[in-house]
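Here it is, the structure in full.
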There are 2 protein chains.
Amino acid sequence: MTQQADPRPAGARRVGIADVAALAGVSPGTASKALNGRGNLREETRQRVRAAAEQLGFAPNSVARSLLSGRTFTVGIITTDSYGRFSIPIMRGVEDSLGVGEMIAFLCDSRDDPIREQHHLRKLLERQVDGLIVAGRRTDARQPLRDKLPVPVVYAFARSANPDDCSVVSDERGAAKLAVEHLVKTGRRRIAHITGPHSHASSRERAIGTTEALAELSMELISEPLFGSWTETWGRFAAAQLLRTHPDVDGVFCGSDVVARGVADGLREAGVSLPTQVGIVGVDNWGVVAEAARPPLTTVDLGLEEIGHRAGDLLLAAIDGHPAPGIHVVSSHLVVRES
Amino acid sequence: MTQQADPRPAGARRVGIADVAALAGVSPGTASKALNGRGNLREETRQRVRAAAEQLGFAPNSVARSLLSGRTFTVGIITTDSYGRFSIPIMRGVEDSLGVGEMIAFLCDSRDDPIREQHHLRKLLERQVDGLIVAGRRTDARQPLRDKLPVPVVYAFARSANPDDCSVVSDERGAAKLAVEHLVKTGRRRIAHITGPHSHASSRERAIGTTEALAELSMELISEPLFGSWTETWGRFAAAQLLRTHPDVDGVFCGSDVVARGVADGLREAGVSLPTQVGIVGVDNWGVVAEAARPPLTTVDLGLEEIGHRAGDLLLAAIDGHPAPGIHVVSSHLVVRES
DNA sequence: GATTGTCAGGAAAAGCTTTTCCCTCTTATG
DNA sequence: CATAAGAGGGAAAAGCTTTTCCTGACAATC
């Protein structure tokens, strides 16, 4: 690996501050002050140095700068999800937040493998990252990374099992509440809940939130929540089953858009007119699924990008010495389409 | 931004090689040699140093190491796509490839904004990345990043307009050929092509590949290629139209899985039995779309992950002084499902 | 016994920027 | 005029690891 052939093929030697200083006829220290607005220099000298830097296309070597300051303006993102459905908007939010602090992110994919995760962690710490964000694909609590880390950590979407860590999570029950209230507000009274596997915390939370929200309105589900899998096939199957047992259903809250799309297809193909006879609400606001469904799905957006953004902000604050441990809940919002 | 509050909340002072050396009773230089297998040391000394490093949990500060060696073992990935459908598998491939070289990637999202892109470029160069990968979302050629970059660059998926740059691209015509051959092999003779916007190079290339592949078999399309958009709605619409003008169609090659799914729904709901009467082939192998379609879609996988992998390999080679300029084509492969 | 060679490890420089401390020159003040 | 103060800029250290060069000690050889 990595012979020592010339590592700079095209663009000549990199210019250093010494080159700028020489061209401007000052010492490197002075050049540094001129460019960074420090020290006590004549305005004319500053101009001269700036001109020299411009002319040479000087960009400070941030490696040297980091070595001195102990700060790299770099964070590591460890995602357990192979850049999938969930981590993508989260990462975008993180990058947005980090960008304003002139920080930049290393991306590591642990693929749910603890060994891999520790390996990435070590590599990131060697590189002196200023902080870490751990993004998961499931809302179930996860093991903390490791005790006594030398840098702050923020968990995004998948909370840390240690409540003293800083975690940013979605509001699962609030999402269910939004969905239920929307269904009721649009006149639905006989509501069912079709969702994913019972082994997923998000399924269970959303189911609990659903019954709670109905209870607040003195209502209840027309049947027990139907747990299955996060697939369209399950949605279609469950829709058919639901029609057999409860043909009078007029609203379905689905645990995800994928399930909701299956339910919509299942109902429509059984001759149910949507959204006239039955209203459907999904969760995720996953464009390719929700918009292509017939009718386009009304759905609850969990605010993944906002989660990433908050995680980034909290990490920056922690790096600046203002940690905010605990669970931070980002609220969901309803996206009304035609279903 | 960034006060100088204590940047290390939890884990005490970072241990340096000097700490290890002191504990082992040697000089820092000797400790370095011991840990890196350099120099001429007694085996017992090496052991002692290794034990001390272990005990203290020492991890070398790669910032200092980089400053000395001029190599950071870091690359920058600039994607024009907000971590979307295409960049995701590409990035995974890149990470796979880079991982074996113990390299790690900075991720930047330019959101198709040249200003943003230049900004990211500058930040990455300041950080002394060893190389760059530019990943696009469209196959259309793009402007090169900049002339005379001090590090090697590999373009992935979206080739550089400069043919002397190193680009890794998908085989659009080959993909069309695979699809057509599959349709013909499964007995289809009256084949149509429904695809995305004519303004996209990938639509045009796939259409050309389709007619070429048919020509090689002394066949031709039953109608001109139908250009539209990358949506299910277009697929459904085009399917209906196709049935009106060519009710005898028995095979459709679609420019993407999303379109193919629309076509499948459109045909099925018009009473066409799939795949008995009409065979459908898509492009992308996008799980959530292709697998949920009825029937699950046979599709051409463009090998995005492989593109990322190749790009990573080529970049590593270039960093090691073995550049391979030109266009590198990654071949597609057929994924046979039930359509 | 003196010289040469080898082995083990130490000392110091290098890599690039920033920052602290200090020096010199000018100007103002008593 | 002499001293103090301030302005402007230089010199050098610091940050951490690696690498080169060098020194000492010991053994072997003549």
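Order of the sequence lines sets the chain letters (A, B, ...), proteins ahead of strands, with each chain counted from 1. Note that the coordinates shown come from a computational prediction; the quantities given were computed from them, not determined experimentally. FYI, side chains are in, hydrogens and waters are out, and symmetry mates aren't considered; it's all heavy atoms of this structure.
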Practice prompt. Assess whether atom CD of E44(B) is packed by more than 12 heavy atoms of other residues, nucleotides or ligands within 6.0 Å.
Written response: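 Counting neighbours around CD of E44(B), more than 12 heavy atoms of other residues, nucleotides or ligands fall under 6.0 Å, so yes.
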
Worksheet item: Is there side-chain contact between N61(B) and Q128(A), with heavy atoms separated by less than 4.5 Å?
Response: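 Answer yes - side chains close enough.
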
Fill in: Nearest-0.5 Å distance that lies between atom CD in Q118(B) and atom NE2 in H120(B)
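NE2 of H120(B) is found 11.0 Å from CD of Q118(B).
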
Fill in: For E117(A), the option from R122(A), R142(A), K123(A) that meets salt bridge (Lys or Arg N to Asp or Glu O under 4.0 Å)
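The salt bridge (Lys or Arg N to Asp or Glu O under 4.0 Å) with E117(A) is passed solely by R142(A) among R122(A), R142(A), K123(A).
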
Item to complete: Under 4.0 Å between any heavy atoms, over every strand shown, what does V63(B) touch: base, sugar-phosphate, or nothing? Just pick one.
Response: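 The residue V63(B) makes no contact with any strand.
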
Worksheet item: If an axis is fit to five pairs at each end of the helix from dG1(C)-dC30(D) to dG30(C)-dC1(D), what is the angle between the two, to the nearest 10°?
Response: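 The two end axes of the helix from dG1(C)-dC30(D) to dG30(C)-dC1(D) meet at 70°.
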
Fill in: N40(A) CG to dT27(C) C1', straight-line distance once rounded to whole Å
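In whole Å, dT27(C) C1' lies 15 Å from N40(A) CG.
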
Practice prompt. Can you run down the salt bridge (Lys or Arg N to Asp or Glu O under 4.0 Å) pairs that involve residues 153-168 of chain B, sequence neighbours left out, and say none if there aren't any?
Written response: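 Sorted pair list comes back empty.
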
Fill in: salt bridge (Lys or Arg N to Asp or Glu O under 4.0 Å) partners of R146(A), counting only residues at least two apart
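Checked R146(A) against salt bridge (Lys or Arg N to Asp or Glu O under 4.0 Å); zero matches.
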
Discussion item. S170(A) and side-chain contact (heavy atoms from CB on, under 4.5 Å): which single residue from L302(A), L304(A), V330(A) fits?
Written reply: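 Of all the options given, the one that passes is L302(A).
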
Discussion item. Measure CD/E43(B) against P/dG9(C) and give the value in whole Å, please.
Written reply: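 That distance rounds to 11 Å.
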
Practice prompt. Please tell me if the side chains of L98(A) and L316(A) come closer than 4.5 Å, counting only heavy atoms from C-beta onward.
Written response: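 Yes, at least one pair of side-chain atoms sits under 4.5 Å.
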
Discussion item. In this structure, how many angstroms lie between the P atom of dA14(D) and the CG atom of L67(A), rounded?
Written reply: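 Result: 13 Å.
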
Practice prompt. Given side chain to side chain donor-acceptor pair (under 3.5 Å), test H119(B) with R116(B) step by step and report yes or no.
Written response: CA-CA 5 Å; H119(B) 177 73; R116(B) 230 187 166 78; over 6 Å; no

Worksheet entry | Contact list for DNA chain D against residues 45-55 of chain B - heavy-atom distance below 4.0 Å |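 Going residue by residue through residues 45-55 of chain B, none turns out to have a heavy atom under 4.0 Å of DNA chain D.
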
Item to complete: Specify the separation, in whole Å, of atom CG of L41(A) and atom C1' of dG10(D).
Response: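 Those two atoms, CG and C1', are 11 Å apart.
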
Worksheet entry | Side-chain touch R137(B)/S87(B), heavy atoms, less than 4.5 angstrom |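 With C-beta onward as the side chain, the pair stays apart.
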
Discussion item. Please list all pairs meeting side chain to side chain donor-acceptor pair (under 3.5 Å) that have one or both residues in residues 25-40 of chain B, counting only residues at least two apart or in different chains.
Written reply: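 Passing the test, one end in residues 25-40 of chain B: S27(B)-T30(B), S32(B)-N36(B).
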
Discussion item. Counting primed atoms plus P, OP1 and OP2 as sugar-phosphate and everything else as base, spell out the protein contacts along nucleotides 17-22 of chain D at 4.0 Å heavy-atom distance: B, S or - for each nucleotide, 5' to 3'.
Written reply: BBBB--

